[in-house]
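Data first, discussion second: the structure below is written as structure tokens.
Numbers for residues simply follow the sequence, beginning at 1. The structure displayed is predicted, hence computed values, not measured ones. Every heavy atom of this structure was used, including side-chain atoms; hydrogens, water molecules and symmetry mates were not. Read the numbers this way: they start at 1 and go in the same order the structure lists the ligands and their atoms.
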Amino acid sequence: MRATRAIIHLDHFGGNFQAIRERIGSERQICVPVKADAYGHGALRIARAALETGASCLAVATVGEGTELREGGVKIPILLLSQPLYGEIPGILKAGLTPFVSDAAFADALNREAAAAGLKLPVHLKIDTGMGRMGCSPAEAPALARFIAGCSNSRSCSDSQGCTALDYAGTATHLAVADSAAPEDIDYTQKQIECFKETLAGIQSAGLNPGIVHAANSGAVLLHPNAWFDMVRPGILLYGYKAEEPSLFAPLQVKPVMELRTNVVFIKKVKKGETLSYGRTWTAPQDTNAAVLPVGYGDGLPRLVSNKWQVYICGRAYPLVGRICMDQCLADLGPETNVRLWDEVTVFGGDAPDAAVLAERIGTIPYEITCNINKRVPRVYEN
Ligand SMILES: *Cc1c(COP(=O)(O)O)cnc(C)c1O
């Protein structure tokens with residue numbers, strides 16, 4: 001195996017799951033988002049860990065992601081969060097995914113193809129209460145719910161015999177600023193939750209059962225207990241990162257699941273005044289030693305952190321110096337160093353600052369850092 005690898009601490013994942021479980025109580029379900037290869041952690045292995053620890057469903061963004069999980073033997077429900085093309089409906093049926101439905105045309109298409117295939121397809125109604133992305137408007141929700149439930153009059157369904165091919169299994173919304181404790185964001189989230197509750201009441205008063213009701217992402221697990229409903233969908237929290245958390249509860253203890261490691265593959269002396277790497281952005285301020293590390297932006301280490309990060313070797317920090325290249329970067333070891341060739345290096349996570357700290361350095365979020373650690377980097381699973 002090459003030097004650069006992502007250690008995936010499954011024990012941390014399990015601990016994070018338990019911490020969330022304790023917070024939300026045993027009566028609620030936990031849906032584990034494993035989209036984008038489980039935020040870069042490896043969807044199938046995370047799915048298995050999630051099953052072992054008691055997840056009741058998984059969530060993906062694409063039909064391909066859901067299909068891979070089914071091929072890997074996953075049996076529990078898999079929510080399809082993003083809108084697919086109609087041409088992907090056969091794939092949805094084949095993999096037995098549970099799509100979010102935001103409009104009647106898509107519900108109708110699903111219904112017809114499921115009926116033709118002789119299948120009953122579970123779907124969740126998605127309501128846009130203020131995220132401004134997918135979802136029907138709150139005003140449209142009761143009618144769409146009725147349509148999905150097959151309780152609409154049969155003329156609104158293009159094939160009256162196919163009207164029962166959908167199973168109205170759940171109702172969801174998504175929150176735009178649930179991870180922020182700023183007063184105006186707390187207000188906005190509470191307005192979204194209120195709107196969702198009112199819309200649910202409308203659906204219920206139309207005589208329909210909304211199924212599993214869910215709204216909470218990681219931010220809402222931390223900050224908005226009234227968004228927990230029947231199920232929560234925390235992603236980033238399960239992978240070990242959390243936003244600010246004022247003293248609503250005792251702090252939730254989560255640990256980063258991903259650690260990026262490599263090894264020193266070359267050490268050399270650098271004279272005062274010499275420059276390192278492309279663009280000559282770093283000039284040695286004194287005679288020093290530099291280490292070459294075989295990791296670069298081609299692995300997903302952002303080029304923007306050039307000259308803005310430090311790696312850890314034997315528990316000590318060493319600054320990355322010069323531009324990060326596609327496959328390599330350099331660390332300044334200082335004039336006197338105990339670092340030796342082949343020593344192990346932690347780039348982030350583990351005993352180094354985690355992906356959230358790295359993200360903040362360059363104005364992004366930990367999601368983007370872990371998602372971008374790409375398939376050239378082998379994942380090593382540790383318990
Ligand atoms: C990605 C996603 C989540 C998880 O979000 P986190 O911020 O990682 O907790 C939940 N729900 C939907 C609809 C999503 O797309």
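- In this structure, Phe106 and Ile89 have side chains that are in contact, with non-hydrogen atoms separated by less than 4.5 Å.
- Not close to ligand 1: His214, with no non-hydrogen atom less than 4.0 angstrom away.
- The backbone N or O of Gly334 lies less than 3.5 Å from a partner atom in the side chain of Asn289, making a donor-acceptor pair.
- Taking Asp128 as the reference, nothing meets the side chain to side chain donor-acceptor pair (under 3.5 Å) condition, with sequence neighbours excluded.
- At the shortest separation from atom 11 (N) of ligand 1 among protein heavy atoms lies Arg233 NE, 2.8 Å.
- Of the protein's non-hydrogen atoms, Ser218 OG, 2.5 Å is the one closest to atom 9 (O) of ligand 1.
- Panel note: side chain Arg340, backbone Ile267; no donor-acceptor pair is recorded below 3.5 Å.
- Residue Ile236 has at least one nitrogen or oxygen atom sitting less than 3.5 Å from a nitrogen or oxygen atom of ligand 1, judged on distance alone.
- Ligand 1 is approached by Leu81 to a heavy-atom distance shorter than 4.0 Å.
- Atoms of ligand 1 found under 4.0 Å from any heavy atom of Asn217 (numbered from 1 in listed order, with element): 5 (O), 9 (O).
- Under a 4.0 Å criterion applied to the non-hydrogen atoms of Pro234, ligand 1 contributes the atoms 9 (O).
- Taking the six-membered ring for Trp and thresholds of 30 and 60 degrees, Phe13 and Phe17 have ring planes inclined between 30 and 60 degrees apart.
- In terms of protein heavy-atom proximity, atom 8 (O) of ligand 1 is nearest to Tyr39 OH, 2.6 Å.
- The protein atom (non-hydrogen) at minimum distance from atom 14 (C) of ligand 1 is Lys35 NZ, 2.8 Å.
- Using a cutoff of 4.0 Å between basic side-chain nitrogens and carboxylate oxygens, Arg376 and Asp299 are scored as salt-bridged.
- If you check which protein heavy atom lies closest to atom 12 (C) of ligand 1, you get His174 CE1, 3.3 Å.
- Put simply, the side chain of Gln192 gets close to the backbone of Ala176: a donor and an acceptor are under 3.5 Å apart.
- Short contacts between ligand 1 and Arg133, defined as distances under 4.0 Å to a heavy atom of the residue, involve ligand atoms 15 (O).
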Side-chain donor-acceptor contacts of residues 39-53 below 3.5 Å, not counting sequence neighbours, with atom names and distances?
residue: His41; atom: ND1; partner: Ala38; partner atom: O; Å: 2.9
residue: His41; atom: ND1; partner: Tyr39; partner atom: O; Å: 3.1
residue: Thr53; atom: OG1; partner: Gln18; partner atom: NE2; Å: 3.0

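- Remark: minimum distance from atom 7 (O) of ligand 1 to any protein heavy atom is reached at Tyr367 OH, 2.6 Å.
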